[in-house]
Every structure is written in C-alpha cells, then in structure tokens.
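Scroll down for the structure; my scribbles are underneath it.
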Amino acid sequence: MKSFDENRDLTSSLPITPQMQRDLADMLNRNMFTGLAMTFVAFLGLTFGFGFDTEKDQSSKVLLFIAMNTVIVLRFADGLYWLTRLKGTQYDARPVKFRFAIGVYSTSTVWALYSILLYTTMNAVELATTMVILGAMAGGAASVLAPSKIFVFVYTTSLLVPMSSRALLDDDRNFVVLGILGLIFWVGILASSFRYHRFFFDTVSLKNKNARLIEQMRTDRQETAKINAMLRKSNEQLDDANANLEDEVEKRTADIFRLSNRDPLTNLLNRNGLFKQLNTLIESTKALDNNLAVLFIDLDGFKQVNDSLGHKVGDIVLAEIANRLAQYCEKDHLARWGGDEFVAVTPYATVHTAVAVAHAMRSGVTKPIIALENQITLDATIGIAIYPEHGNDTMTLIQQADLTMYDQKRKQRGTIGVFSETLHEKIKNEQRLCEQLRYAIEKKEFSVHYQPIICADTQKLKSVEALLRWNCNGNIVSPARFIPLAERTGLMPEIGSWVLNRACIDATEWPFNEDIALSVNVSISQLLDETFVNALDKVLASTNIDPARLYLEITESVFANNVNAVANQIHNVKQRGVKISIDDFGTGYSSLSRLQSMPCDFIKIDRSFVQNTNEGSDTIMRATMLIANEFGCKTIAEGIETLDQMNHIKTLGVDFIQGFLYAKPMPLSDLKTWYNENK
Ligand code: C2E
Ligand code: MG
Ligand code: MG
C-alpha cells in the first residue's frame with residue numbers, strides 16, 4: 001500500500017497531517033456506498049442481461065459475479081465499520097486506507113478478469129454495452145476515487161484498458177474504433193480525475209488550514225482565558241496583598257504613632273504626644289472659654305536613686321511614680337517630659353484646683369516605693385501655669401510651668417509654686433542678665449577679688465581664694481546670682497577658664513612669698529567640661545605656677561552628679577599635683593563612700609554652720625572635723641566675722657580660717673596693701 005504522502009499537494013507547503021489523511025479516507029468511504037451499488041447493478045446487468053452462450057461462459061460469468069459480490073459485501077462491511085465506528089473519531093487513517101485499497105484493487109481485478117475472460121464470448125451488442133457501462137463506471141470512479149490518484153489510475157485502467165486493448169485487436173473495425181475511443185476516454189478520465197484529485201486535496205488542505213486556524217483560535221482563546229484566569233488570580237492575590245499591606249501599614253502607623261507619641265518606659269505621652277494633646281485641649285478650652293492648668297513636676301532625690309541604686313531601680317521608680325501620678329489626672333493628660341520630669345494637664349482647672357491636684361500628686365509621690373528590695377522615698381517640686389492667664393499656647397504654658405518649678409526648686413524643694421507676674425519679671429531679668437553675661441568677658445566686665453585664708457594656729461597667711469566679680473554696666477552682680485545663671489546657660493566653662501587664667505597670672509605678681517597658695521572655685525559644669533584638663537595644663541604651663549600651690553574648690557554638690565566622671569576628673573587634677581578643696585561642706589549631698597572615692601586635701605566648713613551658734617551646727621562641725629581627720633584632710637572655716645566665732649572655731653581644731661574678720665575679698669592691688677599692713 002502506498003502512503004497518503006504521495007498525495008501531497010506540491011504547491012502547498014502544508015504537510016499531510018493525520019487529520020488530512022482522515023479527511024481523505026472519509027471522502028473515499030463516504031462515496032464508496034454509491035460506487036458499490038453502481039458496481040453491483042452494473043455487474044448484475046452485464047452478467048445476467050445478455051444470457052449465456054455456453055455453459056463455460058455461464059460458469060465464468062457466475063463465478064466472476066460471485067467474486068465481485070464477495071468483494072462488494074466485504075467492502076460494504078468495511079464501509080459500515082468506518083461509518084459506525086470510526087467516522088468522527090480521531091482514528092488512524094492508514095489501516096482504513098489499506099483496506100480500502102485492497103477493496104479497490106480487488107474490484108479492479110474482477111473487472112479486468114471480466115473483460116479479458118469474457119471478451120471473446122460477447123456478441124456485438126453486449127460488447128458495446130459492456131464498453132459503455134465500463135466507460136460509465138470508470139467515469140464515475142474518476143470523481144468517487146478522486147481523493148487518491150493511484151486508486152483512480154488502477155481502477156479506471158483495469159476497467160477500460162484490457163477491454164479497449166482487446167477491442168483494438170478485433171477484426172471488426174467498429175470495435176477497433178470503440179477500443180480507440182475507450183483508450184481516449186481512459187486518458188480523459190485520468191486527466192479529469194487528476195484535476196478532481198487536486199480539487200479534493202486543496203479542499204481538504206483548506207479545511208484543515210481552517211480547522212487549524214480554528215484550533216489555533218481555540219487554543220489562543222483557551223490561552224487567553226488561562227492568562228485571564230491567572231491575571232484574575234494574581235489580581236485577587238494583589239488585592240489580598242494590598243489588604244494585608246493596608247493592615248500592616250495601619251499597624252505600623254499605630255506603632256509609629258505609639259513610638260513617636262509615647263514614652264516606652266512609663267507608657268505615658270512623650271513630649272511629642274503632649275504637644276499634640278495640649279494643643280487639642282487648648283483649642284477645646286478656648287472654645288468653651290474656660291481654664292486649663294499645666295503642672296510641671298520634677299522629682300526631688302531621683303538622681304541620687306539612679307546614681308546609688310542603679311538605672312534598673314531608677315526605671316522601676318519612674319514607672320511607679322507614673323502610675324501614682326496617673327491616679328490624679330487622665331492618663332492621656334500626663335506626659336513624661338524627660339528624665340525625672342513629668343507634665344500633667346488638668347482641663348477646667350482654676351489655680352485652686354490645680355494646686356489641690358498638685359498637693360495630691362506630691363502626697364502620691366512621697367509615699368515610700370519598694371524597688372528591688374530597696375525602700376525609696378522621693379518628693380516632687382511642682383510648677384503650675386494656667387491657660388489663658390499665664391500663656392496662650394502650648395510652648396509658653398509648659399515653659400512657664402517649668403520656670404516656676406525651677407524657681408520653686410531653688411527656693412525650697414518639695415514645694416508647689418504658681419506662675420506669677422513677679423516670677424515672670426524675675427525670669428525676664430534673668431534672661432536679660434543672661435544676655436549681658438554672654439558678653440561680659442568681651443566687655444571686660446569681670447574682675448577677680450581675693451580673700452585671704454589664715455592659719456588658725458600661726459595666724460599667718462596660708463592661701464588666697466579667688467572670687468569672681470561682675471560689674472554689669474556699673475552694677476555689681478553677686479556671683480551667687482550669676483554663677484548659677486552661667487551654669488544653666490553653658491557659659492560657665494568659658495568664664496571659669498577665664499578666672500583660672502586671671503588668678504594664676506595675678507598669683508605670679510603677688511608680693512608675698514611663694515608658699516602662699518591660690519584657691520580657685522571650679523563649678524561642676526566647668527569640671528566636667530572635656531576641655532577643662534587641657535585648660536588647666538595650659539595655665540600651669542603658661543604661668544609656671546607650682547601645681548602644689550593651686551587648690552581647686554569644688555562644691556560638695558558635685559558629688560550628686562555623674563559620679564564616675566567627677567571621680568575621673570578629680571583623679572586627673574590630682575595627678576598634676578593640684579590640690580582639691582571641698583567647698584560649702586555640710587550643705588549639699590555627700591556620703592562617706594563618695595568622699596572616699598574622691599580624695600580631697602581640704603574641707604571647707606560652710607559659713608552657715610560657723611555663723612549659727614546653735615548646737616546642731618556645732619554637732620555638724622564636730623562631725624566634719626572627724627570626717628576630715630579620718631580622710632586626712634585639713635579643714636577651713638569660712639565666714640568668720642567675729643573674734644568669738646574665731647575662738648569657737650579654734651576650739652574645734654579647725655586648721656584654717658577665712659572671713660571678714662581678717663579680710664573681705666579685695667582686688668589684687670588692695671591685697672598687696674593688705675599684706676603689707678598685716679604681715
Ligand atoms: P564660696 O566659694 O563659698 O566663697 C565664699 C563666699 O563667702 C564669698 O562670697 C565670700 O565673699 C563670702 N564670705 C567670705 N567670708 C565671709 C564672711 O565673713 N561673711 C560673709 N557674709 N561672707 C563671707 P562671694 O564672693 O559672693 O561668692 C559667692 C559664691 O560664688 C562662692 O562661694 C562661690 O561658690 C561662687 N563663686 C565666686 N567666684 C567664683 C568663681 O570664680 N567660680 C565659681 N565656680 N564660683 C565662684
Ligand atoms: Mg569657694
Ligand atoms: Mg564656700
């Protein structure tokens with residue numbers, strides 16, 4: 001059997017696909033039933049239509065008729081099989097075509113045998129009729145078998161060629177003509193069947209092309225649908241992700257809001273949160289034409305707790321204080337301003353109610369706190385500012401309350417103060433003073449006065465304390481006033497450095513012998529300034545003063561500050577041979593353990609004890625003497641104004657004396673005169 005590929009349309013670039021093979025096989029089978037019927041009728045007519053000349057003739061015809069009918073039945077059965085089982089399915093066309101070929105070849109063979117075997121037995125009419133019928137059959141086959149050129153060729157050849165060839169050899173010229181006509185007819189049929197074939201093939205190709213296009217379109221549509229489904233799915237996923245993202249963003253925003261508005265330790269509002277809250281409260285208070293109080297609360301004694309018991313205890317204490325304060329106001333009206341400072345806002349409050357709330361808060365704070373087995377007692381100083389009396393906006397109100405608290409703290413810790421015009425004036429003056437202080441060095445308004453310190457036993461000059469004086473536009477401003485101001489505004493390191501330099505230069509001009517020491521006051525901010533040791537080295541080098549002759553007076557209050565940094569600086573100072581005096585001893589906060597970690601050379605008993613003749617002061621002075629002895633320090637009593645005070649002090653065993661009894665602080669020129677008069 002030849003493959004369908006021989007039917008390939010050479011003008012088409014399309015290969016013969018299985019579907020095309022099926023289409024061609026379908027066409028052949030579809031036409032086969034008519035073909036078989038025609039064959040049966042034709043064969044029946046030819047076999048029995050002309051009678052039988054001889055018995056041999058009869059048996060040949062009947063045998064051929066049986067053979068043809070067998071072929072027809074088999075082909076019919078095969079056709080039925082195709083019709084019922086295969087048609088419309090994706091069947092393999094090759095075996096179908098194979099069986100069809102056998103059928104065609106068999107039919108052709110029977111027709112060929114018929115012509116060859118029975119030619120001589122036919123009379124003129126039968127012969128002519130047979131030739132006509134064969135011609136008609138061949139003509140019919142040209143279209144029925146057109147899907148396959150080989151089938152047409154084999155079939156029409158077997159129908160026409162044997163009979164026509166035999167007729168050509170006939171004696172009768174009429175049959176010769178018929179033979180010639182038969183052959184011409186054969187050639188014509190072949191030619192037209194080949195055209196048919198081309199037509200069929202093109203039709204099938206086109207159909208397949210279309211089918212493929214439709215298939216392609218279907219695939220494309222399916223593909224598009226698939227992509228659409230995927231897009232829909234990813235859209236849904238995107239929607240989900242967006243929803244999740246929105247949730248996440250919302251959560252993050254809440255977190256950020258919490259982080260940016262809340263203090264993590266106490267969970268109270270932080271500064272940021274307070275500003276927002278106070279802004280809103282002020283707006284609503286304004287709308288209602290009402291009052292509002294801002295309370296600035298600063299803990300007293302918290303620094304010491306932190307320093308002595310550690311930050312862990314400090315944190316517990318702050319959280320506990322926050323809880324206690326929250327009992328007296330709305331939690332969202334309470335903020336941690338920073339460190340141990342809190343701000344509370346009480347809407348609709350007059351001065352009276354604000355003060356009452358402040359008292360309640362103080363009493364809450366002063367109750368003992370247990371933190372990691374330590375019992376701690378604190379107090380609070382509170383400053384109050386009222387809207388709209390003391391300020392119209394958030395910042396001003398907080399500032400006024402803060403300043404009031406600060407002022408209150410300076411006057412008396414653990415008290416409550418309300419902002420007032422007097423305080424406002426005082427603050428304004430301080431601000432003005434501050435401005436002027438900034439330019440005091442530049443304007444050469446500072447000078448240093450010196451106050452002698454006398455040896456109690458020998459009554460000889462031991463040292464001289466340098467005390468800063470400020471002549472501010474003709475007004476002498478007390479150091480007790482401007483030094484704390486300079487501390488607060490960060491001017492102290494610069495001013496202190498100027499004093500140290502001036503005093504050391506002056507010391508080189510002293511008229512007395514070189515044993516006399518120079519005492520210079522050093523404030524906490526100056527001591528802790530990172531440039532301090534450098535400045536000290538520079539002064540020592542430039543004035544060539546013996547370090548052992550230089551005493552630095554630091555107030556006892558420095559011990560309440562950053563212990564390690566202070567100890568470190570004292571260590572640096574002592575390393576250079578410079579001596580340390582603890583000023584105003586007994587007035588501030590100090591502990592024996594602190595004293596031990598910060599070795600000093602002198603302890604100066606504050607003049608408040610010297611001038612107070614009560615027993616308490618005496619006890620403190622005696623205790624101070626004991627401590628000084630214990631730590632190997634010499635003692636200096638400040639503020640001796642009378643002989644009685646001096647005599648009393650001497651009985652306590654004080655080493656050195658300083659006071660108006662001997663001399664007031666004086667300019668360098670006067671010091672020279674004083675020394676000459678009192679040597
Ligand atoms: P301070 O260091 O305790 O100085 C002693 C203060 O007592 C001086 O006051 C002095 O004039 C005063 N004084 C001395 N003897 C008597 C007396 O018999 N009776 C009375 N009523 N007062 C007496 P001043 O000069 O007003 O200084 C006050 C404080 O200012 C100083 O106390 C010191 O803490 C600070 N100060 C002064 N100059 C400087 C400085 O250059 N740097 C630093 N950091 N502080 C300074
Ligand atoms: Mg002093
Ligand atoms: Mg003093």
Side-chain angles (χ1 to χ4, degrees), residues 31-32 34-75 101-146 148-197:
N31 296 334
M32 182 177 71
T34 339
L36 289 178
M38 293 306 297
T39 305
F40 174 74
V41 172
F43 219 89
L44 184 70
L46 288 176
T47 307
F48 299 105
F50 298 96
F52 308 106
D53 292 344
T54 61
E55 250 181 51
K56 189 185 158 217
D57 180 20
Q58 181 185 1
S59 61
S60 299
K61 273 192 173 179
V62 172
L63 269 175
L64 284 172
F65 180 71
I66 292 168
M68 182 57 93
N69 279 321
T70 310
V71 171
I72 288 171
V73 168
L74 287 173
R75 288 187 69 191
I102 291 173
V104 170
Y105 298 151
S106 307
T107 313
S108 307
T109 308
V110 176
W111 277 123
L113 285 174
Y114 187 92
S115 311
I116 294 163
L117 293 177
L118 297 177
Y119 184 84
T120 48
T121 66
M122 292 180 208
N123 58 36
V125 177
E126 186 181 355
L127 199 60
T129 311
T130 305
M131 282 198 75
V132 169
I133 287 176
L134 288 181
M137 291 292 291
S143 61
V144 171
L145 296 177
S148 168
K149 281 194 249 183
I150 188 93
F151 290 169
V152 173
F153 179 77
V154 170
Y155 191 69
T156 52
T157 305
S158 53
L159 280 174
L160 293 175
V161 175
M163 179 64 94
S164 302
S165 309
R166 186 65 187 79
L168 276 179
L169 301 174
D170 207 292
D171 298 332
D172 191 336
R173 277 193 58 211
N174 291 324
F175 288 112
V176 173
V177 172
L178 271 177
I180 292 167
L181 283 174
L183 287 177
I184 292 169
F185 193 49
W186 171 62
V187 172
I189 286 172
L190 279 182
S192 66
S193 86
F194 287 170
R195 270 203 307 281
Y196 271 139
H197 170 77

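Keep in mind it's a predicted model, so treat the numbers as computed, not measured.
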Review point. Nearest heavy-atom pair of P162 and T157: which atoms, and what distance?
Key: CD-O, 3.1 Å
Check your understanding: Which heavy atom of F65 sits nearest a heavy atom of F40, and at what distance?
Key -> CZ-CE1, 4.1 Å
Practice item. Over all heavy atoms of both residues, which pair between E126 and L46 is shortest? Give the atoms and the distance, please. Key: OE2-O, 4.0 Å
Practice item. Validate the cation-pi geometry between K61 and F48: distance from NZ or CZ to the six-membered ring centre under 6.0 Å, angle to the ring axis within 45°. Key: no
Review point. Rounded to the nearest 0.5 Å, what separation is found between the CG atom of N69 and the CG atom of L64?
Key: 11.0 Å
Check your understanding: How about S108 and V154: do any of their side-chain heavy atoms sit closer than 4.5 Å?
Key -> yes
Check your understanding: Is any side-chain heavy atom of L183 less than 4.5 Å from a side-chain heavy atom of L160?
Key -> no
Revision key, fill the gap. In this structure, CE of M137 is separated from CZ of F43 (nearest 0.5 Å) by 9.5 Å
**Study point:** Nearest heavy atoms of A141 and Y155, plus distance in Å
**Key:** CB-CD2, 3.1 Å
Practice item. For residues I150 and Y105, determine if any side-chain heavy atom of one lies less than 4.5 Å from a side-chain heavy atom of the other. Key: yes
Exercise for review: Measure from the side-chain N and O atoms of S143 to the backbone N and O of G140, and report whether any donor-acceptor pair falls under 3.5 Å.
Suggested key: yes
Exercise for review: Rounded to the nearest 0.5 Å, what's the gap from CZ on F151 to CG on L145? Could you check?
Suggested key: 7.5 Å
Point to revise | Residue pair A67 / V110: nearest heavy atoms and the distance that separates them | key: CB-CG2, 4.3 Å
Review point. Less than 4.5 Å apart, any side-chain heavy atom of V144 and any of T34?
Key: no
Check your understanding: Between T130 and Y114, is any pair of side-chain heavy atoms under 4.5 Å apart?
Key -> yes
Check your understanding: CG of L118 to CG of L113: how many Å apart, nearest 0.5 Å?
Key -> 9.5 Å
Study note, to complete from the structure: Nearest heavy-atom contact between N174 and D172 is N-OD1, 2.9 Å
Check your understanding: Roughly how far, to the nearest 0.5 Å, is OG of S115 from CE of M131?
Key -> 9.0 Å
Study note, to complete from the structure: d(M163 CE, L134 CG) to nearest 0.5 Å is 5.0 Å
Exercise for review: Classify the angle between the aromatic ring planes of F175 and Y119 as parallel (below 30°), tilted (30 to 60°) or perpendicular (above 60°).
Suggested key: perpendicular
Exercise for review: Side-chain contact test, heavy atoms from C-beta onward, threshold under 4.5 Å: evaluate it for L127 versus L178 and give yes or no.
Suggested key: no
